[in-house]
Amino acid sequence: MYTCLAMLAAMRRREWFELHDHCLYPGVLRDMVTDALEAIWNYTNSYRVIVPRLRTAIEDSGTHRIVDLCSGGGGPWIHLQQQFAITERYPVSVWLTDKYPNARALAQSRTAQEVDFYSDPVDARQIPADLEGFRTIFSTFHHFNPEAARAILADAVRRRQGIAVFEAAKRNLHTMLATVGIPLLNWWVTPRMRPFRWSRMVWTYLLPIVPLTLLVDGILSCLRAYSIEDLSELTCGLSDGQYRWEIGEQSGGRIRITYLIGTPLKFSAFEEQKISAIAAKK
C-alpha cells in the first residue's frame, strides 16, 4: 500500500481548477455551460464507440441499472441509452446525478425512456446507499485530485459495484489544439437547443461568456486529464483478488477515448462464504 501511495504522490499530473466548477461561478451560467456540453455531446456522439465495451462490463456486473455521476446537464446517456436498447439489445435504466444538479435540464431528460434524475446533490465521493447500480463517469474524472479519484474507485470495490470512467481529454498538444473547435461547436448547436431561450443567445453571442468558458475549461481539462499510466497507479492495490480493472484507449470515432473499467468478479456461493469469512477475520 505504501508503494501505491508513493506512486500517487509522484504522479506528473498537476492540479488546476476549471471556471465553471468554481464556487464563485454564477449558477445560471454554470447551467448554460453544462447545457452546452450536453448539446455538443449529443451532436458529436463521441462516446458511441465505447458502447460495446461498456455493455460487456455492465452485463458482467449482473445489472441493468446505471448510476451516472457528475451528469451536468444530462451527459451522453440520453443517446447511449437508446443505443443500448436498439443496437446492443441490452436495455438499461439510468439515474443521472450531480453535485450541482441542473434540475431544469435533468428534468427534461425524463422525456427519454428509462432515464431519470436524482434531485438531491450527489458527491461522487459519497454516494447515497440507495443508489445501487453500475457507475459511470463521463469527461469529469479529471475534476478529482488523485486522493479523491482513488476514493471513488475504492468505494466501488468496497460496495462491489461496477464502474466505468471515460475521458476524451488528454495531456497532449494535439488534443489541446482540438479544443479550439469547442466554441465553434457551441455557436453551431446553440440555436438548435430546446427549449429556446434568449438568455442563451445573449451569453453565447452578444456576451460570449459560455463559449469562452468552454474554451478555457477545455484546455484546463486536458492539463488535468489522467493518462493511462496515471489510471494504473490509481487502481494499484484496489483489486484484492475480487475485482478486475481494464485500462486503455478506444478508437473508432473522431477522437480516442481513454477508459478505466472495473467489474466485481463473480464467485460461487461457497466462494462468497469463504471470502466473507476471511474478511470477517481481518
Side-chain angles (χ1 to χ4, degrees), residues 37-98 105-118 122 124 127 130-141 152-153 156-157 159-168 189 192 194 231 239 242-269 271-272:
L37 287 171
E38 161 76 3
I40 290 170
W41 276 328
N42 287 338
Y43 178 74
T44 61
N45 201 13
S46 299
Y47 286 108
R48 67 186 183 281
V49 298
I50 56 86
V51 168
R53 188 182 299 276
L54 178 56
R55 183 261 169 131
T56 298
I58 296 172
E59 188 175 17
D60 287 346
S61 298
T63 184
H64 286 261
R65 188 184 189 193
I66 307 298
V67 177
D68 188 57
L69 306 173
C70 310
S71 300
W77 264 116
I78 306 303
H79 277 190
L80 294 185
Q81 188 272 340
Q82 296 171 1
Q83 290 181 253
F84 268 79
I86 297 172
T87 64
E88 297 299 316
R89 302 187 185 278
Y90 192 83
V92 293
S93 60
V94 183
W95 276 101
L96 304 175
T97 73
D98 200 88
L106 292 176
Q108 293 170 10
S109 300
R110 282 181 166 164
T111 60
Q113 186 179 11
E114 300 298 334
V115 177
D116 210 333
F117 79 100
Y118 199 83
V122 174
I127 300 174
D130 61 321
L131 280 177
E132 295 286 332
F134 191 98
R135 304 171 183 181
T136 57
I137 305 178
F138 289 90
S139 293
T140 52
F141 195 60
I152 291 171
L153 301 178
V157 175
R159 291 171 60 177
R160 292 188 62 75
Q161 302 295 306
I163 186 169
V165 173
F166 300 103
E167 290 275 5
V189 302
R192 298 162 177 78
R194 294 294 181 268
L231 295 174
S239 63
Q242 303 177 40
Y243 210 86
R244 177 179 62 234
W245 296 105
E246 183 183 359
I247 302 170
E249 287 187 353
Q250 180 70 52
S251 59
R254 293 184 179 90
I255 54 178
R256 297 173 67 88
I257 304 298
T258 302
Y259 62 85
L260 164 65
I261 299 175
T263 52
L265 298 178
K266 295 180 180 179
F267 299 99
S268 65
E271 289 172 325
E272 289 282 4

Restricting to non-hydrogen atoms, name the atom on [X] and the atom on [Y] that form the minimum distance, rounded to 0.1 Å.
{"X": "Glu88", "Y": "Pro52", "value": "OE2-CG, 3.9 Å"}
{"X": "Ser251", "Y": "Arg256", "value": "CB-NH1, 3.3 Å"}
{"X": "Gln161", "Y": "Pro264", "value": "C-CD, 4.2 Å"}
{"X": "Ile261", "Y": "Ala164", "value": "CG1-CB, 4.1 Å"}
{"X": "Ala39", "Y": "Val189", "value": "CB-CG2, 3.9 Å"}

Quiz item: Tell me, do Ile66 and Gln81 make a side-chain contact under 4.5 Å, heavy atoms counted?
Solution: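 No - every pair of side-chain heavy atoms lies 4.5 Å or more apart.
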
Taking side chain to side chain contact (heavy atoms under 4.5 Å, CB included) as the definition, give me every residue that meets it alongside [X], ordered by chain and number, with sequence neighbours left out.
{"X": "Glu59", "answer": "Arg55, Tyr90"}
{"X": "Thr44", "answer": "Ile40, Ser46, Leu185, Arg254"}
{"X": "Thr63", "answer": "Ile58, Ser61, Arg65, Phe134"}
{"X": "Ala124", "answer": "Leu69, Cys70, Phe144, Ile152"}

In Å, rounded to the nearest 0.5 Å, how long is the span from [atom1] of [X] to [atom2] of [Y]?
{"X": "Thr87", "Y": "Leu80", "atom1": "OG1", "atom2": "CG", "answer": "9.5 Å"}
{"X": "Phe138", "Y": "Ile257", "atom1": "CZ", "atom2": "CD1", "answer": "9.5 Å"}
{"X": "Thr140", "Y": "Leu37", "atom1": "OG1", "atom2": "CG", "answer": "10.5 Å"}
{"X": "Leu96", "Y": "Asp116", "atom1": "CG", "atom2": "CG", "answer": "8.0 Å"}
{"X": "Leu265", "Y": "Arg160", "atom1": "CG", "atom2": "CZ", "answer": "7.0 Å"}

Quiz item: Counting only heavy atoms not in Arg89, do more than 12 sit closer than 6.0 Å to its CZ atom?
Solution: no

Practice problem: Starting from the C-alpha separation in whole Å, work towards a yes-or-no answer on side chain to side chain contact (heavy atoms under 4.5 Å, CB included) for Arg244 and Asp60. | Solution: CA-CA 11 Å; Arg244 177 179 62 234; Asp60 287 346; 3.6 Å; yes

Please check: side-chain N/O of [X] versus main-chain N/O of [Y], any donor-acceptor pairing under 3.5 Å?
{"X": "Thr258", "Y": "Glu249", "value": "no"}
{"X": "Tyr243", "Y": "Gly262", "value": "yes"}
{"X": "Glu167", "Y": "Phe141", "value": "yes"}

Practice problem: Check each of Ile137, Ile247, Ile163 against Leu260 using the side-chain contact (heavy atoms from CB on, under 4.5 Å) test, and report the only one that passes. | Solution: Ile247

Practice problem: With side chain to side chain contact (heavy atoms under 4.5 Å, CB included) as the test, would you mind laying out the steps for Val157 and Trp245 before giving the verdict? | Solution: CA-CA 10 Å; Val157 175; Trp245 296 105; 3.6 Å; yes

Quiz prompt | Exercise: do Ser139 and Tyr47 side chains pair donor with acceptor under 3.5 Å | solution =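 Looking only at side-chain atoms, Tyr47 and Ser139 do form a donor-acceptor pair, the distance falling under 3.5 Å.
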
Quiz item: Are a donor atom and an acceptor atom from the side chains of Arg53 and Gln250 found within less than 3.5 Å of each other?
Solution: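 Present: a donor and an acceptor within the cut-off.
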
Self-check item: Pairing residues for Arg159 by the salt bridge (charged side-chain N to carboxylate O under 4.0 Å, His left out) criterion, not counting sequence neighbours
Solution: Glu132, Asp155

Quiz item: Can you list the residues that meet the ring pair (Phe, Tyr, Trp, His ring centres under 6.0 Å) rule with Phe84, with sequence neighbours excluded?
Solution: Trp77

Practice problem: Just do the side chain to side chain contact (heavy atoms under 4.5 Å, CB included) check on Gln83 and Asn45 with the steps written out, would you? | Solution: CA-CA 11 Å; Gln83 290 181 253; Asn45 201 13; 3.6 Å; yes

Quiz item: Which of parallel (below 30°), tilted (30 to 60°) and perpendicular (above 60°) describes Phe166 and Tyr259?
Solution: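 Because their plane-to-plane angle lies in the 30° to 60° range, the rings of Phe166 and Tyr259 count as tilted.
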
